[in-house]
There are 2 protein chains.
Amino acid sequence: MKQKRNTLQRKTVFETVGELHGHPTANQVYLKAREKCPKISRGTVYRNLNVLSDDGRIKRIKVPGIVRYDSKLEPHYHFICTVCHNVSDVPIPYQFQLNDRLSKDTGFKVNLHRTVFEGICEKCRKE
Amino acid sequence: MKQKRNTLQRKTVFETVGELHGHPTANQVYLKAREKCPKISRGTVYRNLNVLSDDGRIKRIKVPGIVRYDSKLEPHYHFICTVCHNVSDVPIPYQFQLNDRLSKDTGFKVNLHRTVFEGICEKCRKE
DNA sequence: CTCTGTGCAAAAGATTTGCAAGGTG
DNA sequence: CACCTTGCAAATCTTTTGCACAGAG
């Protein structure tokens, strides 16, 4: 495995994902990171988001529309509001056994599954 | 609701999604549709995929990377191979009750959930 | 000193959109 | 004949990449 350096930019991107709560997009990380490191470029943010998620230091979550990042590493499910597009964590435990079950049923090597619920959040329902 | 016409292009896009099995991307639909309707444009294919899925005549499925379309309308889960990127249906029944459960637990209006398993398919494991 | 990482800008890929012309009901 | 739809091209948006230079170890 290639040696990884710990540059200011890398550190800033990593910290920024942790500070932005609602599962930020790459662009949101870029905008926020620029406050601390004004001349960081979009390319660098994208590159570091990739490096960090390849290394397992952050998670890449795929919800309809756009990729988002998450500093919470344990497997868990998400809910996305189709009105405000906010993403939140869901209080339903991760069904680890589904992966094994599907492996046995199909002969595939199943590593993980991602579940995203869709609907309207409480705040948007009231409006 | 706006009146919808049934043009040759619209019909072709709809039929093409049904004919292409493995959960085609917009571009795959475009390439195939052009065989029957040579001067159909990409824009028209995209517009019609949107119209058809808004009308519930096809489903839009979100797997990592790219949007795909599906002519099978009943809720079901998918598996994507991280090597060949093929998408297949999964023999695990849809957990309708999860939506209600999450609604009760959170106060959100939960309409649906999407689950995508990731791993390596049998064919790619052998290679 | 070596090699990874950065900034910038250009490129790539997917999807949407403005507009004038065409076709459906 | 109203107005939905199409083709085309340009525009958007997100993400990647080539290159020369900077900087970490």
Side-chain angles (χ1 to χ4, degrees), chain A residues 1-17 20 22-55 57-70 80 82 85 87, chain B residues 1-17 20 22-55 57-70 80 82 85 87:
Chain A
M1 182 156 144
K2 217 180 267 183
Q3 182 193 331
K4 294 288 165 54
R5 293 183 180 164
N6 199 21
T7 60
L8 173 63
Q9 288 88 335
R10 184 111 80 214
K11 207 180 309 181
T12 303
V13 169
F14 178 65
E15 288 170 3
T16 303
V17 173
L20 289 170
H23 311 82
T25 63
N27 194 47
Q28 289 168 337
V29 174
Y30 167 65
L31 294 175
K32 181 81 178 177
R34 229 173 20 167
E35 293 174 10
K36 300 182 229 170
C37 185
K39 48 187 167 319
I40 197 171
S41 69
R42 266 206 173 69
T44 297
V45 171
Y46 277 99
R47 269 185 290 233
N48 278 320
L49 287 170
N50 286 338
V51 169
L52 291 167
S53 48
D54 286 350
D55 288 357
R57 297 181 60 194
I58 62 177
K59 281 213 312 189
R60 185 194 292 272
I61 65 186
K62 327 271 177 88
V63 293
I66 200 172
V67 176
R68 288 168 177 272
Y69 294 89
D70 197 342
I80 182 169
T82 51
H85 301 106
V87 174
Chain B
M1 182 156 141
K2 215 182 266 183
Q3 183 193 330
K4 296 286 165 56
R5 295 188 177 160
N6 199 20
T7 59
L8 172 62
Q9 288 88 334
R10 185 109 81 212
K11 207 179 309 178
T12 303
V13 169
F14 178 66
E15 289 170 3
T16 303
V17 173
L20 289 170
H23 311 83
T25 63
N27 194 49
Q28 289 169 335
V29 174
Y30 167 64
L31 294 175
K32 181 81 178 178
R34 229 175 18 168
E35 293 174 10
K36 299 182 227 170
C37 185
K39 49 187 167 318
I40 197 171
S41 69
R42 267 205 172 69
T44 297
V45 171
Y46 276 99
R47 269 185 290 234
N48 278 319
L49 288 171
N50 287 339
V51 169
L52 292 168
S53 47
D54 287 350
D55 289 356
R57 298 181 60 197
I58 61 176
K59 281 211 313 188
R60 185 195 291 272
I61 65 184
K62 327 271 176 89
V63 292
I66 199 171
V67 176
R68 288 168 177 272
Y69 295 89
D70 197 342
I80 182 168
T82 51
H85 302 106
V87 175

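Protein chains get the first letters and strands the later ones, always in sequence-line order, with residue 1 at the start of each. It should be emphasised that the depicted structure is a prediction, and the values quoted were computed from it without experimental measurement.
Counting only heavy atoms from C-beta outward, the side chains of A/Arg10 and A/Lys4 approach each other to under 4.5 Å. Contact of the B/Leu8 side chain with the B/Lys36 side chain is not registered, since no non-hydrogen atoms from C-beta on lie closer than 4.5 Å. Contact check for B/Thr16 versus B/Gln28: no side-chain heavy atoms found under the 4.5 Å cut-off. Contact check for A/Val13 versus A/Thr44: no side-chain heavy atoms found under the 4.5 Å cut-off. Contact check for B/Leu49 versus B/Val17: side-chain heavy atoms found under the 4.5 Å cut-off. Counting heavy atoms from C-beta on, the side chains of B/Lys59 and B/Tyr69 never come closer than 4.5 Å.
Here D/dT16 presents its P atom at 10 Å from CG of A/Asp54, a figure rounded to the nearest Å. As rounded to whole Å, 13 Å separates atom C1' of C/dG5 from atom CG of A/Leu52. Regarding A/Asn27, its CG atom lies at a distance of 16 Å from the P atom of D/dT12, rounded to whole Å. Atom CD1 of B/Ile66 and atom P of D/dT16 are 14 Å apart (whole Å). Atom NZ of B/Lys62 and atom C1' of C/dA14 are 14 Å apart (whole Å). Rounding to whole angstrom units, CG of residue B/Leu49 and C1' of C/dA14 are separated by 12 Å. The separation between A/Lys11 atom NZ and D/dG25 atom C1' is 14 Å, rounded to whole Å. Atom CZ of A/Arg60 and atom P of D/dT14 are 16 Å apart (whole Å).
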Along nucleotides 2-11 of chain D, 5' to 3', which nucleotides get a B, which get an S, and which get a -, given that the test is a protein heavy-atom distance under 4.0 Å? BBBSBBB---
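Remark on DNA chain C: of its neighbouring residues A/Val45 and B/Val67, the 5'-side contact belongs to A/Val45, judged by nearest-heavy-atom nucleotide.
Considering only residues two or more places apart in sequence or on other chains, A/Lys11 meets the salt bridge (charged side-chain N to carboxylate O under 4.0 Å, His left out) condition with none of them.
Atom CG of residue A/Asn50 and atom CD1 of residue A/Ile58 lie 8.5 Å apart, to the nearest 0.5 angstrom. Taking OG of B/Ser41 as the reference point, atom CZ of B/Arg34 lies at 10.5 Å (rounded to 0.5 Å).
Five base pairs at each end of the helix from C/dC1-D/dG25 to C/dG25-D/dC1 define two local axes, and these are offset by 40° (rounded to 10°).
Residue A/Tyr46 has no polar side-chain atom (N or O) positioned under 4.0 Å from OP1 or OP2 of D/dT16.
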